[in-house]
Amino acid sequence: MMRYFKDLAREDRGAAVIELALIAPVLALLIIGVTDISIAYGRKLELEQAVQRSIEKVMQTTGDTTVAGTIKKEAVCQINGTNDDNTCAAGRLTADEVTVTYRLECTTTAGVMTSTEEDNADDFDLLECANDTDSEARYIMATAVDTYTPMFKIHFGTNADGVYDLSATAGVRVQ
């Protein structure tokens, strides 16, 4: 009987299978984790590209829509796609998740800069720098927010519910 156990201890035919059984779960988790991060990163890049493309439409507004309306519509269409009649398709991004802000920066001759942000375009148009000698710069910024739910809800860098918040901002100087 002792000889049988000694022979069994020297046997190595099943060693590779045992090693694979030990390492396979770790490899599977690694592959799933990398895939999950890749999907989240791709969604973040898609969001950034959507707001960048929407901000490029600032100068293409028509009399029918406002600058903010054009930016929001373009960002939503970039993410969700368009229907046959050229309207935005329903999808994961809505116009409520896209915000447009306007910023006025005034720089004095001494180099001191102050900035004022406004959500309303009409109020933004009324803003002026305190002194006539200040240099003025006006910006329009678009921000889109989205969420990503990972395949496995790990609470590392996520909200309490295991969801990642994604956001992207793009802007352009208009004056």
Side-chain angles (χ1 to χ4, degrees), residues 23-107 113-127 136-175:
I23 199 72
V26 175
L27 289 175
L29 285 175
L30 185 65
I31 290 169
I32 290 170
V34 168
T35 303
D36 214 17
I37 290 171
S38 298
I39 292 169
Y41 190 69
R43 294 228 355 220
K44 168 81 170 158
L45 289 176
E46 185 181 31
L47 203 60
E48 288 176 357
Q49 188 176 34
V51 293
Q52 185 63 40
R53 285 187 179 174
S54 69
I55 206 74
E56 291 170 0
K57 295 274 187 177
V58 167
M59 301 306 172
Q60 298 176 7
T61 57
T62 64
D64 298 337
T65 61
T66 63
V67 170
T70 301
I71 290 172
K72 288 181 177 190
K73 179 182 180 251
E74 183 63 25
V76 170
C77 286
Q78 285 292 321
I79 294 292
N80 299 341
T82 56
N83 297 320
D84 292 337
D85 60 352
N86 221 15
T87 59
C88 294
R92 71 173 204 254
L93 191 68
T94 64
D96 294 337
E97 295 167 326
V98 180
T99 57
V100 178
T101 55
Y102 307 89
R103 188 173 76 216
L104 170 67
E105 290 182 356
C106 301
T107 306
M113 185 189 78
T114 58
S115 67
T116 307
E117 285 195 10
E118 191 60 57
D119 292 334
N120 187 325
D122 294 332
D123 294 341
F124 176 67
D125 290 339
L126 299 175
L127 291 177
E136 183 178 288
R138 292 179 182 267
Y139 297 89
I140 297 176
M141 294 176 294
T143 303
V145 295
D146 195 7
T147 58
Y148 176 69
T149 304
M151 287 185 254
F152 295 104
K153 292 187 180 183
I154 54 170
H155 298 285
F156 177 71
T158 62
N159 294 335
D161 58 357
V163 174
Y164 290 98
D165 288 328
L166 306 174
S167 70
T169 302
V172 64
R173 182 174 175 172
V174 293
Q175 180 185 356

Which atom names give the shortest non-hydrogen contact between [X] and [Y], and what distance separates them?
| X | Y | result |
| --- | --- | --- |
| T107 | M113 | OG1-CG, 3.8 Å |
| V100 | K72 | CG2-CG, 4.3 Å |
| A75 | A50 | O-CB, 3.9 Å |

Straight-line distance of [X] [atom1] to [Y] [atom2], nearest 0.5 Å:
| X | Y | atom1 | atom2 | value |
| --- | --- | --- | --- | --- |
| E48 | R43 | CD | CZ | 13.5 Å |
| F124 | I140 | CZ | CD1 | 6.5 Å |
| L127 | R138 | CG | CZ | 6.0 Å |
| I37 | Y164 | CD1 | OH | 6.5 Å |
| Y139 | Q175 | OH | CD | 11.0 Å |
| L45 | Q52 | CG | CD | 12.5 Å |

Under 3.5 Å donor-acceptor, [X] side chain and [Y] backbone:
| X | Y | answer |
| --- | --- | --- |
| E74 | I71 | no |
| D146 | L166 | no |
| D36 | P150 | no |
| R92 | I79 | no |
| D165 | V145 | no |
| R103 | A137 | no |

| message | Go through it in stages, so that I can follow the logic: the residues are V98 and L93, the test is side chain to side chain contact (heavy atoms under 4.5 Å, CB included), and I'd like the CA-CA distance, side-chain angles, deciding distance and then a yes or no. | response | CA-CA 8 Å; V98 180; L93 191 68; 4.1 Å; yes
- prompt: Is the closest side-chain donor-acceptor distance between T87 and D85 under 3.5 Å?
  reply: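 Yes.
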Using side-chain heavy atoms (C-beta onward) and a distance below 4.5 Å, is I39 in contact with T35?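 A side-chain contact under 4.5 Å exists here.
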I want to check something: taking the side chain as every heavy atom from C-beta on, are T114 and T116 in contact at a cut-off of under 4.5 Å?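 T114 does not reach T116 side chain to side chain.
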- Stepwise, does the side chain to side chain contact (heavy atoms under 4.5 Å, CB included) test hold for V51 with T169? CA-CA 6 Å; V51 293; T169 302; 5.9 Å; no
Using a cut-off of 6.0 Å, state whether more than 12 heavy atoms not belonging to K44 lie near its atom NZ.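 For K44, atom NZ is crowded (more than 12 foreign heavy atoms under 6.0 Å).
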Between C88 and K73, is a side chain to side chain contact (heavy atoms under 4.5 Å, CB included) present by the stated rule, with each step listed? CA-CA 7 Å; C88 294; K73 179 182 180 251; 3.7 Å; yes
